[in-house]
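Hydrogens, waters and symmetry mates play no part in the numbers below; they use all other heavy atoms, side chains included.
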Amino acid sequence: MDKIFGSLKGLFKIQAVVIDNNVFRLHYKATVVILLAFSLLVTSRQYIGDPIDCISRDDIPTRVLDTFCWIHTTFSVEGAWHKKVGVEIPYPGVDKYTPGEDRIYHAYYQWVCFVLFFQALMFYFPRYLWKGWEKGRIRALIMELNSPTLTPDKKQEKRGVLMEYLMDNIHNHNFYVTAYFFCEALNFVNVVGQMYLMDSFLGGHFSKYGSKVMQFTEWDWTLRYDPMIRVFPRLTKCTFHKYGSSGDVQRHDAMCILPINIINEKIYVFLWIWFVTLAVASGIVLIYRMVIVFWPRSRLLILRYRARLTNADYLEMVVKRCHLGDWFLLDLLCKNVDSLNYRDLIADFARKLEGKGAESIA
């Protein structure tokens with residue numbers, strides 16, 4: 001297990017500088033790790049063995065039959081899903097050939113690992129955009145002010161440099177906050193879009209997959225019909241044609257066991273629950289951002305909650321003079337700078353703004 005997932009350990013590193021929030025990190029850190037881990041798992045023969053094993057009564061080499069059925073996909077018979085197992089059919093969806101029968105072909109299992117990897121890239125994309133737009137600004141601005149053990153001289157010196165930046169660039173951070181809010185919106189669009197992608201990938205079964213699996217546990221055992229085996233059947237059919245000894249084309253029916261679907265069904269149950277949870281959390285974040293944009297008072301309340309050691313009057317004075325982009329920068333600084341240093345920073349900033357306001361009036 002360590003050999004498979006050892007390469008993902010680097011993604012769990014704790015970041016020294018925070019430039020986003022917990023829900024954002026669930027997208028590019030937790031979800032990316034989960035999808036990459038699942039992508040690696042479905043390609044590991046150590047735990048699932050061969051992904052497909054086919055059997056036939058004829059003298060077709062097993063390896064040839066397995067390869068053919070894996071490449072050309074297997075199928076289930078639509079009319080055999082509700083027949084009695086052990087009496088009419090050997091397994092749900094597996095029945096003898098009938099001319100004109102409706103077949104459901106299962107080709108997705110060949111692509112699961114690639115789709116999961118592509119999804120991981122898509123979940124990291126908003127983070128990639130935000131890092132490109134953020135350009136390490138917060139890391140450059142905190143200048144060791146996240147340490148509570150700085151000497152008084154160093155504190156004053158570094159605080160003075162940061163103060164000079166804030167005064168020179170006040171009201172110039174609108175693109176900064178717009179870029180971040182855009183990436184958060186992109187997170188929401190991405191997770192909802194991924195759910196539609198998986199629904200299309202699984203033939204329209206993903207949207208209700210998780211709810212049906214949960215309902216399945218509450219059904220009467222005499223009426224139970226596991227919805228997972230319809231989406232991820234463990235036994236399917238395959239048709240192989242070859243030339244016979246007389247030169248005519250012979251048709252051979254084979255049954256194929258798909259051990260890989262035992263893993264796939266668990267993966268997609270988990271992903272259904274995870275994606276729904278993530279979509280709800282991301283939607284709540286968007287509502288939270290709308291409140292911040294359209295109710296300026298909320299910005300003061302948020303900073304008061306986070307910067308409890310800071311003088312409330314100074315904080316209110318700063319928030320009133322700042323635009324949304326300036327507030328967002330101060331909010332990120334609050335997450336990274338030591339609370340005592342932040343308290344002094346806000347006090348200095350308020351005095352500077354008060355002095356600048358008095359000068360403009362004069």
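- Thr67 contributes a side-chain N or O that, together with a main-chain N or O of Arg63, makes up a donor-acceptor pair within less than 3.5 Å.
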Dump the intermediate steps for side-chain hydrogen bond (donor to acceptor under 3.5 Å, both in side chains) on Asn264 and Asn261, then the final yes or no.
CA-CA 5 Å; Asn264 286 335; Asn261 276 348; 3.1 Å; yes
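- Between Glu134 and Arg139 there is no salt bridge, since no side-chain nitrogen of the basic residue lies less than 4.0 Å from a carboxylate oxygen of the acidic one.
- Between His173 and the options Trp133, Tyr180, Tyr165, a ring pair (Phe, Tyr, Trp, His ring centres under 6.0 Å) holds for only Tyr165.
- Within 6.0 Å of CE in Met317 there are more than 12 heavy atoms belonging to other residues, nucleotides or ligands.
- The only option from Lys131, Arg25, Lys335 that meets the side-chain hydrogen bond (donor to acceptor under 3.5 Å, both in side chains) definition with Asp20 turns out to be Arg25.
- Sorted by first and then second residue, the side-chain hydrogen bond (donor to acceptor under 3.5 Å, both in side chains) pairs involving residues 111-126 (not counting sequence neighbours) are Gln119-Gln194.
- Exactly one residue among Phe188, Tyr268, Phe123 makes a ring pair (Phe, Tyr, Trp, His ring centres under 6.0 Å) with Phe275. That residue is Phe123.
- Between Met195 and Val276 there is a side-chain heavy-atom pair separated by less than 4.5 Å.
- A cation-pi geometry, defined here as NZ or CZ lying under 6.0 Å from the six-membered ring centre and within 45° of its normal, holds between Arg308 and Tyr305.
- Following chains of ILVMFWY side-chain contacts shorter than 4.5 Å, one can reach Leu26 starting from Tyr128, so the two form part of one hydrophobic cluster.
- For Trp130 and Tyr176, the distance between ring centers is under 6.0 angstrom.
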For Val318 and Asp326: C-alpha separation, side-chain torsions, deciding distance, then whether side chain to side chain contact (heavy atoms under 4.5 Å, CB included) applies.
CA-CA 10 Å; Val318 168; Asp326 305 314; over 6 Å; no
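- The SG atoms of Cys256 and Cys238 are placed at least 2.5 angstrom from each other.
- Residues Val18 and Leu333 do not share a hydrophobic cluster, defined by chaining ILVMFWY side chains whose heavy atoms lie under 4.5 Å apart.
- With values rounded to the nearest 0.5 angstrom, Ile257 atom CD1 is found 5.5 Å from Ile55 atom CD1.
- Between the CZ atom in Phe75 and the CZ atom in Arg103 there is a gap of 3.5 Å [rounded to 0.5 Å].
- Electrostatic pairing of Glu144 and Lys154 does not count as a salt bridge here, judged by no charged N lying under 4.0 Å from a carboxylate O.
- No donor-acceptor pair closer than 3.5 Å links the side chain of Asp338 to the backbone N or O of Ser147.
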Between Val112 and Ile263, is a side chain to side chain contact (heavy atoms under 4.5 Å, CB included) present by the stated rule, with each step listed?
CA-CA 11 Å; Val112 166; Ile263 302 294; over 6 Å; no
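- Of all the heavy atoms in Cys54 and Asp66, the pair that sits closest is N-OD1, 2.7 Å.
- Of all heavy-atom pairs between Val293 and Arg299, the closest is O-NH2, 3.2 Å.
- The neighbour count for Phe68 CZ, taken as heavy atoms of other residues, nucleotides or ligands under 6.0 Å away, is above 12.
- No side-chain heavy atom of Leu340 sits under 4.5 Å from any side-chain heavy atom of Pro148.
- Under the 4.5 Å side-chain criterion, counting only non-hydrogen atoms from C-beta, Asn311 is not in contact with Arg343.
- For the pair Phe270/Lys266, no side-chain contact is recorded, criterion being any heavy-atom separation below 4.5 Å from C-beta on.
- Residue-environment remark: OH (Tyr196) stays at or below the threshold of 12 foreign heavy atoms within 6.0 Å.
- Note on Ile262: it does not cluster hydrophobically with Ile260, by side-chain heavy-atom contacts below 4.5 Å among ILVMFWY residues.
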Test side chain to side chain contact (heavy atoms under 4.5 Å, CB included) on Met290 and Leu286 and set out the steps.
CA-CA 6 Å; Met290 290 176 65; Leu286 291 184; 5.5 Å; no
Tell me, with the steps shown, if Phe125 and Leu186 meet side chain to side chain contact (heavy atoms under 4.5 Å, CB included).
CA-CA 9 Å; Phe125 182 65; Leu186 194 59; 4.1 Å; yes
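- Counting heavy atoms from C-beta outward, Leu150 and Leu145 have side chains that approach closer than 4.5 Å.
- Contact record, Val94 with Leu235: CG2-O, 3.4 Å, taken as the closest heavy-atom pair.
- When every heavy atom of Leu129 is checked against every heavy atom of Cys183, the shortest pair comes out as CB-SG, 4.1 Å.
- Rounding to the nearest 0.5 Å places CG of Leu309 at 11.5 Å from CG of Leu315.
- No donor-acceptor pair under 3.5 Å is formed between the side chain of Ser76 and the backbone N or O of Thr236.
- Here CG of Leu345 is found 12.5 Å from NZ of Lys155. Values are rounded to the nearest 0.5 Å.
- Under the side-chain contact (heavy atoms from CB on, under 4.5 Å) rule, Leu329 has a single partner from Val177, Leu166, Asn169, which is Leu166.
- If you take OG on Ser282 and CZ on Phe24, they are separated by 10.0 Å, rounding to the nearest 0.5 Å.
- The minimum heavy-atom distance between Val337 and Ile142, with the atom names listed, is CG2-CG2, 3.9 Å.
- Considering only heavy atoms from C-beta on, Phe349 comes within 4.5 Å of Ile170 through its side chain.
- Leu303 and Val291 are not part of a single hydrophobic cluster, where members link through side-chain heavy atoms under 4.5 Å apart.
- Judged by distance alone, the side chain of Tyr342 and the main-chain N or O of Leu330 form a donor-acceptor pair under 3.5 Å.
- Using a 4.0 Å cut-off between charged nitrogen and carboxylate oxygen, Glu354 and Arg321 do not count as a salt-bridge pair.
- Heavy atoms of other residues, nucleotides or ligands lying less than 6.0 angstrom from CD of Glu164 number 12 at most.
- Using the six-membered ring where Trp is involved, Phe181 and Phe328 have ring planes that are perpendicular, over 60° apart on the 30 and 60° scheme.
- Considering every non-hydrogen atom in both Ile292 and Leu324, the closest pair reads CG2-CD1, 3.7 Å.
- In the displayed structure, Phe117 atom CZ is contacted under 6.0 Å by at most 12 heavy atoms of other residues, nucleotides or ligands.
- Counting heavy atoms from C-beta on, the side chains of Asn21 and Tyr288 never come closer than 4.5 Å.
- Taking 4.0 Å as the cut-off between side-chain N and carboxylate O, Arg351 and Asp348 count as a salt-bridged pair.
- For the pair Glu316 and Val319, the minimum side-chain heavy-atom distance is 4.5 Å or more.
- Under a hydrophobic clustering in which Ile, Leu, Val, Met, Phe, Trp and Tyr are joined whenever their side-chain heavy atoms come within less than 4.5 Å, directly or via other members, Leu300 and Trp327 fall into the same cluster.
- Between atom CG of residue Leu271 and atom CG of residue Leu278 there is a gap of 11.0 Å, rounded to the nearest 0.5 Å.
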